[in-house]
There are 2 protein chains.
Amino acid sequence: MKLSTKGRYGVRAMIELALRYGEGPIALKNVAESQSISDHYLEQLMGSLRKAGLVVSVRGAQGGYMLNKEPGNIRLSNIIRALEGPIAPVDCVTDEPGEEICEQMDTCVARGAWLRLRNAMVEVLDNITLQDLVEETKNIKEDETDNYMYYI
Amino acid sequence: MKLSTKGRYGVRAMIELALRYGEGPIALKNVAESQSISDHYLEQLMGSLRKAGLVVSVRGAQGGYMLNKEPGNIRLSNIIRALEGPIAPVDCVTDEPGEEICEQMDTCVARGAWLRLRNAMVEVLDNITLQDLVEETKNIKEDETDNYMYYI
DNA sequence: AACAATCCCGACTTAAACAATGGGGATTAT
DNA sequence: ATAATCCCCATTGTTTAAGTCGGGATTGTT
């Protein structure tokens, strides 16, 4: 029941981009460095985020990545789904189409439980946007004037 | 963000025991067969459940396992914790003691989000007992008179 | 035009976790 | 005694996670 590094790194990188929203393309190298993530690995994640339409890339010198929407319109659920796939504690409660997997779905008493679990998870992740996290970052910055690093 | 077979099999096995609560020890072999789980593998899981105090075992011929509490007092969270460890989407929001892991915890803006996620998950799993699932099984049995198998 | 800074992409590697399997020992009802 | 159980440790095979490697394509800068 853990997120993998994909989800964790991805959220960190997206927060970074959200903090610098409006500054034009940010080179992946910068994000990777400031977040202590292998830049080659982060590259893969950014690829997924781009394909999901959450970021756009600018190639060539002075290129980089930027958010494709306002931070207030990017939800944690979007990021997690792009990087880890459907949010679902078990395969039989995926919202993706064409997922059946278990023939006993209709008579499975546990499925109701997993469904409730999934809905609770989605509810939380749908209701946290990058904007929320940016604002929280500013609050922390006010409190502690040293730095605003955030690792997960 | 998926449960492993440990959690899924474990819940299935515990539902089975809950359905037969009061009948004395149920041989692991029966549970494994009726749930199509490798009995040797299920043995390991039952070991964990026993150590967690959720079931008791009776050794020797005619032995087996039974719930150690009433089904209404065993929550899905108990089962999941026993088999999969702490319920937490990331390590830094574990409720277990002595878990620090990340030095930046105080200034991490994402941690608040993970904390909300974890609380939502725990809330759901704390509020579903085996008794709830047993009752649901009976409802399903009323509807569909064929069988009451439930795989996950 | 040359160059360097970027993104882009597929293949590969390593390590860990998952999901069992196997063998043998201890306990106990019949 | 015997067979049915639980108990425990070690081993194996498979999959996934996490990261590495190398090279190609694009583009601003000089």
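Reminder, nothing fancy here: chain letters follow the sequence lines and each chain counts from 1.
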- Message: Without decimals, in angstroms, what is the distance between A:K2 NZ and D:dT16 C1'?
- Response: 16 Å
- Message: I need the single residue from B:E16, B:R12, B:K29 that forms a side chain to side chain donor-acceptor pair (under 3.5 Å) with B:S34. Which is it?
- Response: B:E16
- Message: In this structure, how many angstroms lie between the P atom of D:dT15 and the CG atom of A:D91, rounded?
- Response: 15 Å
- Message: Assuming nearest nucleotide by heavy-atom distance, tell me which of B:D39 and A:Q44 is located more 5' along DNA chain C.
- Response: A:Q44
- Rounded distance (Å) that lies between atom C1' of D:dT5 and atom CE of B:M66: 13 Å
- Message: Quick check: is A:L42 connected to A:V58 through a chain of hydrophobic side chains (ILVMFWY, heavy atoms under 4.5 Å apart)?
- Response: no
- Verify, without hydrogens or angle tests, whether B:N119 (side chain) and B:R116 (backbone) share a donor-acceptor contact under 3.5 angstrom. no
- For D:dC7, take OP1 and OP2 only and decide whether either is under 4.0 Å from a side-chain N or O of B:R50. yes
- Mind calculating the distance between NE2 (B:H40) and P (D:dT12) to the nearest angstrom? 15 Å
- Query: What is the distance from CE of A:M1 to P of D:dT16, rounded to the nearest Å?
  - Reply: 18 Å
Scan nucleotides 4-6 of chain C against the protein and return all N/O pairs shorter than 3.5 Å with their distances rounded to 0.1 Å.
from, atom 1, to, atom 2, distance (Å)
C:dA5, N3, A:A61, N, 3.4

- Message: Could you walk me through whether A:I15 and A:L130 satisfy the side-chain contact (heavy atoms from CB on, under 4.5 Å) test, starting with their C-alpha distance in whole Å, then the side-chain angles of each, then the deciding distance to 0.1 Å, before giving a yes or no?
- Response: CA-CA 6 Å; A:I15 292 174; A:L130 286 179; 4.2 Å; yes
- Could you state the CG-P distance from A:L83 to D:dA18, rounded to the nearest angstrom? 12 Å
- Side chain of A:N68, backbone of A:G53: donor and acceptor closer than 3.5 Å? yes
- Nearest-nucleotide wise, let me know which of A:T5 and B:G47 is further upstream toward the 5' end of DNA chain D. B:G47
- Quickly work out the A:M46 CE to C:dC9 P distance and round it to whole Å. 13 Å
- Task: For A:E43 and C:dA11, give me the distance from atom CD to atom P, rounded to whole Å.
- Result: 16 Å
- Task: Following the transitive rule for hydrophobic clusters with a side-chain heavy-atom cut-off under 4.5 Å over Ile, Leu, Val, Met, Phe, Trp and Tyr, establish whether B:L133 and B:M66 coincide in one cluster.
- Result: no
- Starting at CG of B:L45, measure out to OH of B:Y9 and round the result to the nearest 0.5 Å. 9.0 Å
- Task: Respond yes when some side-chain nitrogen or oxygen of B:S38 is under 4.0 Å from OP1 or OP2 of C:dT21, and no when none is.
- Result: yes
- Taking only the side-chain nitrogens and oxygens of B:S4, find out if one of them lies under 4.0 Å from OP1 or OP2 of C:dA19. yes
